[in-house]
Amino acid sequence: MTMKKTLLTLLCTIALLPVLADNNVAPWGWATCADESGTAYCLNGGNFSDATTATLTALGEGQTDDARIKQAIAMNDIVILDGSKGDFIIEEVMKLSSTKNKTIIGINNARLCTKFFLTAEDNAYLKSQNLDGLSSTDQYTGTLPDGTTLTCDRRAFFTKKAMMELQFQKTGVYSLPNKSGVFHIETSSENIIIRNLSLIGPGAVDIDGSDLITNQGKHVWVDHCTLVDSQDGALDSKVCDWATYTYNHFYYTSRSYSHAYTCGCGWANGTMILHLTFACNVWGEGCMRRLPQCGDCYVHLVNNYHNCPGNSVGMSINDNCRALVEGNYAAEGVKSPLTGSGAGRNVTARNNNFTAVSVGSEVTVPYQYTKIPYTEVPATLTGYEGAGATLGNDATYILSTIPTVERGESGETVYVMVKEDVHIGGSITEVTGITVTFDPSITDWRSGGTSSSAQTVDGVDLSGFYTQSNDNNGAPIIIETTRAGTLTIFLGGGVATTKSVNMTEGENGLTAKVLSSGALVENGAKPATEISAWDGLVYSLQANKTYKFFVGGTKWRFAGFRYLSTTTGINSLTVNSKEGKVYNLQGQQVSVPQKGIYIVNGRKTFTK
């Protein structure tokens, strides 16, 4: 096992793939580390030798695309968003839960635009309320137009009040459009790559709204994206870990009203340290604060360009942080390029174009990287394949720098799927390997259980939903697989009896049906043994099949699923031939190596 792990670490270090042109870099930084010593983590997203790929274009004609995008992400390893038919419209921020090993890229100027946005009239109304003169620190308690009592800073309260009044004028309902973001990567998600996309928000406004990207996952790389007019943060990192953000362009337009705060990081209250790398990003027009702002972070800020004269504060390194700040460039007129306060601060600042004082112990990072002199930063980041969605329209090229790996077994992952106290209908797509759809034509889903005590599996309450139907006309649950695995369907009810599972070949693939007690098992189906209340029906599913499951029998309750699929492990990497070629540690081919460490014929070589 130790030898295998050592080999894997070495391969992850050297297998950065073929020719990397200009700034089309391979994953690097903290996102590619498994621990603080720099042990390699193979950040490949969904780039497998047998990857499933989906390419989407926008529906157009005012239709929204977020449900389709979310489903494509759930069912495929690689999702390509093609902007050739116009903008993708996002009605509500897409939450990516238990989303692992995914690559999401854009081609043909793919833009994901929030459906809600601030109009010129909205901004005029907000300005008429004299909100700018209100304190953003003094606390205020009041009642909003919808009857909610709220305590927050005075400016935020009256901004929310004004936004509710605007929404009432448009819809007749007092509400806040505070879900106008794009991606929310939740804590159960890992190994995700987002590249070459433009994310267009509604305009900045202080209503505790959604970020364009909220990252709470692990091993996430956001590269060459353009993030414009975020409602709240553009790219916020909240209790995530091991993330790298490279070659992104942040800016705001006249659509934004206030709170143009781009990248908040940490807010973990000293309970954890986030490991983050910000490299070669541009903070442009309209960016006011959080460029980034960090607390509870081990952060590397290298070769970033602050081109936002008139801002309030630049990089803020606060409580419980270790920061290496090097090779950054602040344009003339940028205020306080590097600042911060609080306890537990260690900041090493060097080779920037602005004066900054180091604080505390020297900060280093364990991974290899290449940086450029700060004098070259503006031209590099605004030039060919500079910051933003600048990698072009060739999906193969955009994917070329991401390591391609073989899919292998490394264990099993458990997913439990249940709903809260609402009608179940529609699709559930958050599970890697399967998509589950409840037939929306069935209305006989009942909420609430009758058991005297809570029934849980893996800590999740399964007592909430059931259907009453007969054996022949049970409510169909449609299951589509992309990966093989073992499915357990949990049923509830007061009946302790023996049930059997009948597997038959149907028009749309295999059909699984719960039969009444004593029924014959046909076509080699595996019977379920002694099913009593809250036990599960267990059977194997093949990859790329469609199944139908019928809940049958009086008062049998469907409670939830547990799907144990083969998770993605890495046994080996697919390494293209590099015979005779020389690469630096970022995977870029070089013609004349200078002093430093290079990779020649798959081996590390030091050039004096």
Side-chain angles (χ1 to χ4, degrees), residues 62 83 86-91 93 109-134 136 155-156 158-167 169-171 176-182 197-213 225-236 248-264 281-293 305-314 330-335 381-382 386-390:
D87 293 339
F88 295 89
I89 305 302
I90 309 302
E91 185 167 24
V93 62
N109 191 31
R111 294 169 23 118
L112 280 65
C113 304
T114 59
K115 183 176 182 179
F116 170 80
F117 61 90
L118 290 171
T119 65
E121 291 77 13
D122 293 339
N123 272 293
Y125 179 81
L126 292 170
K127 290 176 182 178
S128 73
Q129 303 303 300
N130 299 315
L131 301 170
D132 290 344
L134 300 177
S136 61
R155 184 186 300 176
F158 285 99
T159 301
K160 291 176 182 178
K161 179 177 181 292
M163 284 298 302
M164 279 191 170
E165 291 166 347
L166 276 173
Q167 289 300 98
Q169 294 171 20
K170 296 177 182 181
T171 67
L176 284 176
N178 56 358
K179 295 183 179 180
S180 296
V182 180
L197 285 171
S198 291
L199 312 179
I200 315 299
V205 61
D206 190 9
I207 59 172
D208 292 328
S210 294
D211 310 317
L212 286 176
I213 299 178
C225 287
T226 300
L227 299 98
V228 186
D229 284 330
S230 55
Q231 185 177 65
D232 199 80
L235 174 52
D236 277 5
N248 300 298
H249 185 192
F250 308 99
Y251 69 92
Y252 296 84
T253 72
S254 59
R255 175 183 285 185
S256 288
Y257 169 68
S258 65
H259 199 77
Y261 300 171
T262 55
C263 300
N281 301 287
V282 172
W283 280 269
E285 182 179 357
C287 295
M288 297 301 293
R289 302 177 68 95
R290 300 180 184 172
L291 318 182
Q293 175 180 309
Y305 181 25
H306 293 170
N307 189 24
C308 46
N311 69 310
S312 299
V313 174
E332 185 176 354
V334 171
K335 301 175 184 177
L381 299 191
T382 58
T390 62

Legend entry - Check ion pair K160-D206 (N to O, under 4.0 angstrom):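 Between D206 and K160 there is no salt bridge, as every charged N stays at least 4.0 Å from the carboxylate O atoms.
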Do the side chain of [X] and the main chain of [Y] share a donor and acceptor less than 3.5 angstrom apart?
{"X": "S256", "Y": "A204", "answer": "yes"}
{"X": "N311", "Y": "V334", "answer": "no"}
{"X": "N178", "Y": "G209", "answer": "no"}
{"X": "D236", "Y": "G264", "answer": "yes"}
{"X": "D229", "Y": "T253", "answer": "yes"}
{"X": "R155", "Y": "L134", "answer": "yes"}
{"X": "T262", "Y": "R290", "answer": "yes"}

From [atom1] ([X]) to [atom2] ([Y]), nearest 0.5 Å:
{"X": "L176", "Y": "Q231", "atom1": "CG", "atom2": "CD", "answer": "8.5 Å"}
{"X": "K161", "Y": "E165", "atom1": "NZ", "atom2": "CD", "answer": "3.5 Å"}
{"X": "S230", "Y": "L199", "atom1": "OG", "atom2": "CG", "answer": "10.0 Å"}
{"X": "S198", "Y": "F88", "atom1": "OG", "atom2": "CZ", "answer": "12.0 Å"}
{"X": "L126", "Y": "S258", "atom1": "CG", "atom2": "OG", "answer": "7.5 Å"}

With a 4.5 Å cut-off on side-chain heavy atoms, are [Y] and [X] touching?
{"X": "K335", "Y": "V313", "answer": "no"}
{"X": "F116", "Y": "K179", "answer": "no"}
{"X": "I90", "Y": "C113", "answer": "no"}
{"X": "L235", "Y": "D211", "answer": "no"}
{"X": "Y261", "Y": "M288", "answer": "yes"}
{"X": "P177", "Y": "Q167", "answer": "yes"}
{"X": "R255", "Y": "F117", "answer": "yes"}
{"X": "N248", "Y": "T226", "answer": "no"}

What is the minimum heavy-atom distance between [X] and [Y], and which atoms define it?
{"X": "L212", "Y": "I200", "value": "CD2-C, 4.1 Å"}
{"X": "C287", "Y": "Y251", "value": "SG-CA, 4.0 Å"}
{"X": "V205", "Y": "H259", "value": "C-CB, 4.3 Å"}
{"X": "F250", "Y": "C263", "value": "CZ-SG, 3.7 Å"}
{"X": "P202", "Y": "S180", "value": "CD-O, 3.6 Å"}
{"X": "T114", "Y": "G201", "value": "OG1-C, 3.4 Å"}

Inset, instruction - Begin with the C-alpha distance, continue with both residues' side-chain angles, and end with the deciding distance and a verdict on side-chain contact (heavy atoms from CB on, under 4.5 Å) for L291 and C308. - result: CA-CA 10 Å; L291 318 182; C308 46; 3.7 Å; yes
Legend entry - W283 and H306 aromatic ring geometry - parallel, tilted or perpendicular at 30°/60° bounds: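 Answer is perpendicular, since the angle exceeds 60°.
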Inset, instruction - Apply the test salt bridge (charged side-chain N to carboxylate O under 4.0 Å, His left out) to residues D122 and K170: give CA-CA distance (whole Å), side-chain angles for both, the deciding distance (0.1 Å), then the verdict. - result: CA-CA 11 Å; D122 293 339; K170 296 177 182 181; 2.8 Å; yes
Inset, instruction - Sort out for me which residue in D132, T159, N123 forms a side chain to side chain donor-acceptor pair (under 3.5 Å) with Y257. - result: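 So the option named by the test is D132.
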Inset, instruction - Could you tell me whether K127 atom NZ has more than 12 heavy atoms of other residues or ligands within 6.0 Å of it? - result: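 Counting other residues, nucleotides and ligands, NZ of K127 stays at 12 neighbours or fewer.
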Inset, instruction - Tell me, yes or no, whether the heavy-atom count around E285 atom CD, taken from other residues, nucleotides or ligands under 6.0 Å, exceeds 12. - result: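 Open: at most 12 neighbouring heavy atoms sit under 6.0 Å from CD of E285.
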